[in-house]
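The next block holds one structure in the form of structure tokens; read it before the comments.
Numbers restart at 1 for each chain; the letters A, B, ... are given by sequence-line order, proteins then strands.
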Amino acid sequence: MSAEPLRIVRATIAVALLLAARAADAAPCGQPDIDATFPPHGAENVPVNATLSAHYSAPADYDDELVTLTGPAGAVPVDVAYDAAESMLRAQPRAELGAGLYELAWPALRGLATNRGRGSTVTFSIGTAPDVEAPRFSGLTRLSWDLSREQDPCTDSLEDRFWFDLGLGSTSDDAPTSLLAVVVFETRGGGTTKSSPPEQIAVVPFPEKRVVRVERQAIGDETVCFAAVTRDLANRVSGGGDEEVCVETTAPPFFYGCSIASGSNRTAALGSVLLLLSLLFALRRRGFGA
Amino acid sequence: MLRGRNLKQTLRDTCQDVERRRRRHRTYVVVLLVLAACARTGLDPSDLEPFVDDGIATGGSGGASSLPPPDASTAGMLQDAAPDADVPEDAGTDSSVPPDAEDPSCLPEPEACNERDDDCNGQVDDLPAEPCEGGGFRYCVAGRMSECPRSCEVCVPGSLRICQNNYCTFWGEQECAADGRGFGPCRERRPPQRCSSIAARKHNSPELEQCCIDDGYCCLDEHDLDRDGNRRDMLGACDGVRCP
């Protein structure tokens, strides 16, 4: 065999291996992976009457897969139910949990139109007190947004989405606030008007940085409003849903050309002011308007 | 000599006048800043009137430093959210004393979904969630009850529907995006045997859409066969495509 065909075969194999590796690295198309658990991994002082739950990132098909809760005294019996509307698997211990360290194995579930996603095993410690009070929450405080355009693993094309960063106000509860869930609603925008019922768009753990990011279809040229409430592990709900934050979105494509610095940070604002002042100074020196 | 003294006196008066004006302006600026700070932190500017008056009377600006520092947790909070800024972090731990219980102007009533604190507990619309038949809950948000949640927004991630195009085969597939928020582009495919002759004869047409439905696919209703005025919905076997 001469050197030339051998080189071609080697190159073909290398390309095939590269493509296979890329395919393996690519994000799976819409598989229901667990993206949040309540309580989260490593949580402490979890109330003794907590309902345990796991959120799946896509609609899943629950087929009586096993949820295993193991405590200091061994296996703990739980009643399991899948909430298809929230893509949430809930496990309710049949009795109040005793204090100590627990391990909870959430199963991997099959997607409605996709393969089985990833499950998750979390550990947490149960405290001594039950959760008896509803949480308090002052609502959303601010909002920033922009466009993202990312390769979608299902459609294999670039998909436009608007992301919104929602600032959360102050919160308190009789259990640690890190155990709360934030339920986010779109109160205006998309198909929701001022008079139609708000649409629930996300349930996420209360973030340490007090900012929740949600994504929506990039429709644009409309007013979009959000509100949120918090929910504790005993399923009690706070107020704060009356505080709406709104923004006018613009349909893509965007033009960033006229900004001397990208983004809406202080440096950009200061730069713009300095630029304006220097322009005014230059005009005055040249005697304009005199 | 007398003229010189008069000139000196006039100059001194002018300087004092300028200094007084400068002080007054500085006071105005401080007052404005204080009012602006109050608006940001949620404090009621009227609470600070005595302080502001003092500031003007003495003509000093040192009073600003006696203001309580802005609370970092409420910085940037909308003005409407201000009443809650006074609620301490651990307010929820003591249920016996609701923050507004001593407010004589608040007459407690059962809480309703109306953007008001009817029960005077310092929380607006803090109502329990209502369970939905198909799962999830409804919440009181923005003065009205929310819709029951849906597992996805537009379509089941990874599911397929049939679309028509104006190119060679007039038949295509659209896949639902990973986040279920919409479909990708219509990618051309070969039509099934039963519909290929219709595609060849009628191209992108209501007949081809009908064939798509009859052949058991989930099909984009581009020709509004159900006459509901919506050409972006789907018809046919769409159980695994539409959000359950």
Side-chain angles (χ1 to χ4, degrees), chain A residues 27-31 58-59 82-88 111-114 133-139 141-142 152-157 159 161 167 169-170 172-174 183 185 187 195-201 215-217 225 227-229 231 235-245, chain B residues 73-74 76-78 80-81 84-85 87-93 95 115 117 122-129 132 134-154 156-160 174-185 240-241 243-244:
Chain A
C29 163
Q31 287 177 5
Y82 181 66
D83 185 336
E86 276 195 359
S87 299
M88 193 85 86
L112 295 183
T114 56
E133 290 288 326
R136 301 175 72 86
F137 178 51
S138 62
T141 56
R142 61 187 186 278
D152 187 275
C154 290
T155 64
D156 201 20
S157 62
E159 300 294 337
R161 296 285 182 265
S170 55
S172 62
D173 191 23
D174 51 350
V183 189
F185 302 86
T187 54
S195 54
S196 60
E199 188 188 343
Q200 183 180 319
I201 56 170
E215 284 199 349
R216 308 296 292 150
Q217 274 183 288
C225 299
V229 295
R231 185 168 83 184
N235 214 24
R236 290 188 177 85
V237 182
S238 71
D242 57 309
E243 294 293 341
E244 285 178 274
V245 289
Chain B
S73 67
T74 55
M77 186 178 279
L78 296 175
D80 293 347
D84 290 320
V87 177
E89 267 297 298
D90 58 350
T93 55
S95 61
E115 293 189 274
D117 179 17
Q123 284 270 287
V124 176
D125 292 353
D126 50 332
L127 290 162
C132 295
F137 301 88
R138 297 172 72 215
Y139 301 86
C140 175
V141 175
R144 52 201 197 270
M145 292 307 284
S146 67
E147 249 181 316
C148 286
R150 288 186 306 158
S151 58
C152 50
E153 207 173 306
V154 175
V156 173
S159 61
L160 281 175
Q174 275 183 303
E175 195 160 359
C176 180
D179 58 8
R181 294 199 174 96
F183 285 92
V241 183
C243 294

| remark: Okay, A:Gln217 and chain B: the region with an atom under 4.5 Å from a heavy atom over there is both
| task | Please name all residues satisfying ring pair (Phe, Tyr, Trp, His ring centres under 6.0 Å) with B:Tyr139, sequence neighbours left out, ordered by chain then number. | result | A:Phe185
| message | Does this structure show an ion pair linking A:Glu86 with A:Arg231, if we count only N-O contacts that are shorter than 4.0 Å? | response | yes
| task | Counting only heavy atoms closer than 4.5 Å, note whether A:Glu215 contacts chain B via side chain, backbone, both or neither. | result | both
| remark: So, the part of A:Ser238 with a heavy atom under 4.5 Å from chain B: the answer is both
| query | Within a strict 4.5 Å, meaning less than it, do heavy atoms of the B:Glu153 and A:Arg216 side chains meet? | reply | yes
| Under 4.5 Å from any heavy atom of chain B - which part of A:Asp156 | both
| request: Under 4.5 Å, counting heavy-atom pairs only, tell me which of A:Pro198, A:Pro197, A:Gly239 racks up the most with chain B. | output: A:Pro198
| So which of A:Ala113, A:Gly241, A:Ala85, A:Ala228 has the biggest tally of heavy-atom pairs under 4.5 Å with chain B? | A:Ala85
| message | For B:Asp179, is there an ion pair with A:Arg161 - N to carboxylate O distance below 4.0 angstrom? | response | yes
| task | Heavy-atom distances under 4.5 Å only: say whether B:Leu127 touches chain A with side chain, backbone, both or neither. | result | backbone
| task | Any chance you could lay out the salt bridge (charged side-chain N to carboxylate O under 4.0 Å, His left out) test for B:Arg144 and B:Glu115, step after step, and finish with the verdict? | result | CA-CA 8 Å; B:Arg144 52 201 197 270; B:Glu115 293 189 274; over 6 Å; no
| Best-contacting candidate, A:Ser157, A:Cys225, A:Gly167, against chain B by heavy atom pairs under 4.5 angstrom | A:Ser157
| message | Taking less than 2.5 Å as the test, are the sulfur gamma atoms of B:Cys243 and B:Cys152 close enough? | response | yes
